[in-house]
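Have a look at the structure below, then the notes.
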Amino acid sequence: MILDLTDVCSCENKELTKEAVIELTSFDSKLGVFPFIEKKPFELRIVNEENKDLLIHGETDVRIAIPCDRCLEEVPTDFHLVFNKKFPLEDADASEEEMDEADYMKGFQLDIDKMVYDEILVNWPMKVLCREDCKGICKKCGTNLNVKTCDCEKSELDPRMAAIQDIFNKFKEV
Ligand SMILES: [Zn+2]
Ligand SMILES: [Zn+2]
């Protein structure tokens, strides 16, 4: 959704509050396509501050399905997105520079979806796990080890686990 801010920008101290609609239905990136499970309206408050600055405050929540890093089960992941942005209105040159930086603002047209996209990108989690102790999938047969075990030989033991096993073996020997 594109929001036209010409009115606010050209009228001193004008304030606009708006529930904008996020049209994006998924987050598409190099990593893949991640569908939105839920999204709230985008609460926006835009203020022309004495014709000097344009303040944009926005807040919304989206829930996105991201596969678990270990077992690939989809994990509903919540993003709370908050924007606080100030664009200079007074100095036309500076303002153009600022707006070039933010590709969601073209002239006085605010691109809601681009804005949301950028913010999700910044907040994208480094690691997504369905649960802290997710056992992942067996590298040999692909069994989801959270659901059942498989009979494959576990040759690639985590070195820390191997150390613990050594200790157990010692106890058995005694
Ligand atoms: Zn998992
Ligand atoms: Zn297996």
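Note that these values count all heavy atoms, side chains included, but never hydrogens, waters or copies made by symmetry. First listed ligand is number 1; within each ligand, the first listed atom is number 1.
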Legend entry - Angular separation of C141 SG and C150 SG about the Zn ion (ligand 2), given to 10°: 110°
Inset, instruction - Please confirm whether the backbone N or O of D4 pairs with a side-chain atom of T6, one donor and one acceptor, at under 3.5 Å? - result: no
Inset, instruction - Anything under 30° is parallel, anything over 60° is perpendicular, the rest tilted; go ahead and classify F27 against W124. - result: parallel
Inset, instruction - Work out how many protein N, O or S atoms lie closer to the Zn ion (ligand 1) than 2.8 Å. - result: 4
Inset, instruction - Starting from the C-alpha separation in whole Å, work towards a yes-or-no answer on salt bridge (charged side-chain N to carboxylate O under 4.0 Å, His left out) for K40 and D61. - result: CA-CA 6 Å; K40 286 198 182 142; D61 292 281; 3.7 Å; yes
Legend entry - Degrees at the Zn ion (ligand 2) between the SG atom of C152 and the SG atom of C138, nearest 10°: 110°
Legend entry - Expected output: side-chain D113 to main-chain E23 donor-acceptor under 3.5 Å: yes
Could you tabulate the donor-acceptor pairs under 3.5 Å formed by side-chain atoms of residues 42-50, not counting sequence neighbours?
residue: R45; atom: NE; partner: E15; partner atom: OE2; Å: 2.9
residue: N48; atom: OD1; partner: N51; partner atom: N; Å: 2.7
residue: N48; atom: ND2; partner: V8; partner atom: O; Å: 2.9
residue: N48; atom: ND2; partner: C9; partner atom: O; Å: 3.3
residue: N48; atom: ND2; partner: C11; partner atom: O; Å: 2.9
residue: N48; atom: ND2; partner: N51; partner atom: OD1; Å: 3.0

Inset, instruction - Output yes when a side-chain donor or acceptor of N146 lies under 3.5 Å from a complementary backbone atom of K135, and no otherwise. - result: yes
Legend entry - Presence of salt bridge, K106 and D111, under 4.0 angstrom: no
